[in-house]
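This report refers to the structure that appears directly beneath it.
Protein chains get the first letters and strands the later ones, always in sequence-line order, with residue 1 at the start of each.
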2 protein chains.
Amino acid sequence: MTEQSLPLAGIGIAALERDIGVGKDTLRVWERRYGFPKPHRDAIGERVYPADQVEHLRLIKRLMDQGQRPGVLLRMPLTELCEQSASTAIGIGADEAVDWVIPMLKARDVDHLRAEFAQRLARDGLERFVTKTVPALNRRIGDGWMTGEIEIYEEHLYTELMQNQLRSSIYALASRGKRPHVLLTTVKDEEHLLGLLMAEALLAANGAWCLSLGAQTPTSDIVGATVGSTIDIVALSFSSAYPWRKARNVLVELRAALPGNIELWAGGAALIGRERMIPSVVVLETLGHIGTALTNWRKLRGGASSEHGAT
Amino acid sequence: MTEQSLPLAGIGIAALERDIGVGKDTLRVWERRYGFPKPHRDAIGERVYPADQVEHLRLIKRLMDQGQRPGVLLRMPLTELCEQSASTAIGIGADEAVDWVIPMLKARDVDHLRAEFAQRLARDGLERFVTKTVPALNRRIGDGWMTGEIEIYEEHLYTELMQNQLRSSIYALASRGKRPHVLLTTVKDEEHLLGLLMAEALLAANGAWCLSLGAQTPTSDIVGATVGSTIDIVALSFSSAYPWRKARNVLVELRAALPGNIELWAGGAALIGRERMIPSVVVLETLGHIGTALTNWRKLRGGASSEHGAT
DNA sequence: TCATCGGTTTGTCCTAGACAAACTGAAAAC
DNA sequence: GTTTTCAGTTTGTCTAGGACAAACCGATGA
């Protein structure tokens, strides 16, 4: 009785923008230029995107994030798109065997998942867990979702459990006062926290003092939070759904607004291949670079902590 | 050379959207309807908002967040706006002396705040901490923000620190398998997590097994997450910012979609005074009612756990 | 091998109109 | 006396097609 109420099921353009990470204007202009996506219209003529087109778009966005061109992908039939996706997936290969996570998620075996995460973390250490196991798990979940192997809420559940695991590790590591002091957050419209938590865990493991403001802090608040504080570094995370141009604009704007003695670090899938793009912003292409960046900072700034009064 | 290049300094509409948190469409329609903001135009006719208008808008947004109406604020001269901002300052009653939090926040004394939270929690116990101290702190922070005593990002910071405190308490309490099994989350467009975490802490302290899906889970995912699981209760939190009619609709819809043997609990400021509104949904007006509701559930359902197969 | 240049692609901004959801306040019903 | 209902108003988001700059492409020249 509950399902039949909406035979024209689908989502609106604002929801699609959030889901896929492509602006409303862009979605409309794609429809005009390439004839795809071609959403249904509801009673008042507004766009309603059915689930299959949303999936189709998600695949396109994924390939775009790998550097493919929109005009080509949007004209390509779905079958060919799938081949593209399959052929790019080979190169990565087996980082670590993590297939166990799928059946556990399907069985809603929450206690078991929690235990498995905790056990692997204890056995391998935080650094290996965060740089190897978690990315492998994320990839496996992402693939499983693309192939329809797992449902959206199972991905949601995984994310939630992993976030809790990381939070408790970070809490246990909390160091007092040690330099550098790092402010972590994501900007408005970027709600993915997992990457940020992974970064925070690595920073904390390397003895940095971390302060996370959580997700979606407006830029003016980020600046405000550094005023009169002892923050040395502001670190931001951008997921692949975040349009990289927008990320660049935010970074340029924030760089200009922050005092010069505070470094600005940025990372996440949205910035891969864009290291050179933003002047005087440290772009960390992978989590592994955090350690190096931290060592560099300590070498350059660590000894000169008395300089903090400089304008 | 870099600074002087723009004598007509200002920001574009996309940057303003990020800064203030008001959509591009809304900004344009305000200009059309109320004549404010009235940005300059650059060489190609695009909007350029000067700094004073940005500040003016920031003030308006702040008063809007307190519940004032846009049409009134946008027609009001700046001077009157400032008076408004100043005059909303009145104190309520003293639940508990929590004024200490303000200077600590102003001093960005994060370590001290964390320590203070942890100490009070250890001294008074979780139940008292969550039902008395945290609400008192929330109220004090809210007041401080209305009066301009503290900045928005300081409220943000408080929320983040408190959430971490609660999360670590919950993690430490995690009970295995004990009934009832409670699924906690907020619905789409409700991003406030603090109330949900407070509820989770109380539930966990009373021996319930909790699974939090975090914020903004789509209703279909909430239903999906209960399928094939052992969930007894779905619990939702609605902050005061959530329109109560919308809350009622969501609850009615969700009640219909969930199997009858799963209870639906809802709480939060949006539902105060609306206990009778939704049939067969348990509306918890205050956090204190969680304990009673739990006892009731155990009396009615606890003994009959073999019923869980019923559809 | 690297820089320069025209042509093409692509995202974002523009205008102005429309409409549903949310809010307001008064009248009606419990 | 409280709560629900209802009409009127406010308010945000959507639609359409046009425009243009910045980014990207491939070819030509140094």
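Residues that satisfy the salt bridge (Lys or Arg N to Asp or Glu O under 4.0 Å) test with A:Arg69, not counting sequence neighbours, are absent from this structure. Every residue two or more places apart in sequence or in another chain was checked for a side-chain hydrogen bond (donor to acceptor under 3.5 Å, both in side chains) with B:Gln163, and none qualifies. Taking the ring pair (Phe, Tyr, Trp, His ring centres under 6.0 Å) definition, one finds that A:Phe238 meets it with A:Tyr242, sequence neighbours left out. Qualifying side-chain hydrogen bond (donor to acceptor under 3.5 Å, both in side chains) partners for A:Asp221, counting only residues two or more places apart in sequence or in other chains: none. Remark: A:Phe36 engages A:His56 in a ring pair (Phe, Tyr, Trp, His ring centres under 6.0 Å) (not counting sequence neighbours). A:Arg255 is linked by a salt bridge (Lys or Arg N to Asp or Glu O under 4.0 Å) to nothing, counting only residues two or more places apart in sequence or in another chain. With sequence neighbours excluded, the residues satisfying side-chain hydrogen bond (donor to acceptor under 3.5 Å, both in side chains) with A:Glu17 are A:Lys24. By the side-chain hydrogen bond (donor to acceptor under 3.5 Å, both in side chains) test, A:Asn138 is found to be paired with A:Tyr158, residues two or more places apart in sequence or in another chain being considered.
Side-chain contact between A:Val234 and A:Val223 is absent, with no heavy atoms from C-beta onward closer than 4.5 Å.
Axis orientation changes by 50° from one end of the helix from C:dT1-D:dA30 to C:dC30-D:dG1 to the other, with each end axis drawn from 5 pairs and the value rounded to 10°.
When the P atom of D:dC24 is taken as reference, atom CE of A:Met64 falls 12 Å away, rounded to whole Å. In this structure, A:Leu27 atom CG and D:dT13 atom C1' are separated by 15 Å, rounded to whole Å.
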Readout for nucleotides 14-21 of chain D: B = base within 4.0 Å of protein heavy atom, S = sugar-phosphate only, - = neither; 5' to 3' it is BBSBBB-S

Dump every N/O contact between nucleotides 24-26 of chain C and the protein below 3.5 Å, one line per pair.
none

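At the phosphate of D:dT11, OP1 or OP2 sits under 4.0 Å from a side-chain N or O atom of B:Tyr34. When the side-chain nitrogen and oxygen atoms of B:Thr26 are compared with OP1 and OP2 of D:dT13, one or more of them lie within a distance under 4.0 Å.
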N/O donor-acceptor pairs under 3.5 Å from side chains in residues 43-54 of chain B, not counting sequence neighbours:
residue: B:Arg47; atom: NE; partner: B:Glu31; partner atom: OE1; Å: 2.7
residue: B:Gln53; atom: OE1; partner: B:Lys38; partner atom: N; Å: 2.9
residue: B:Gln53; atom: NE2; partner: B:Lys38; partner atom: O; Å: 3.0

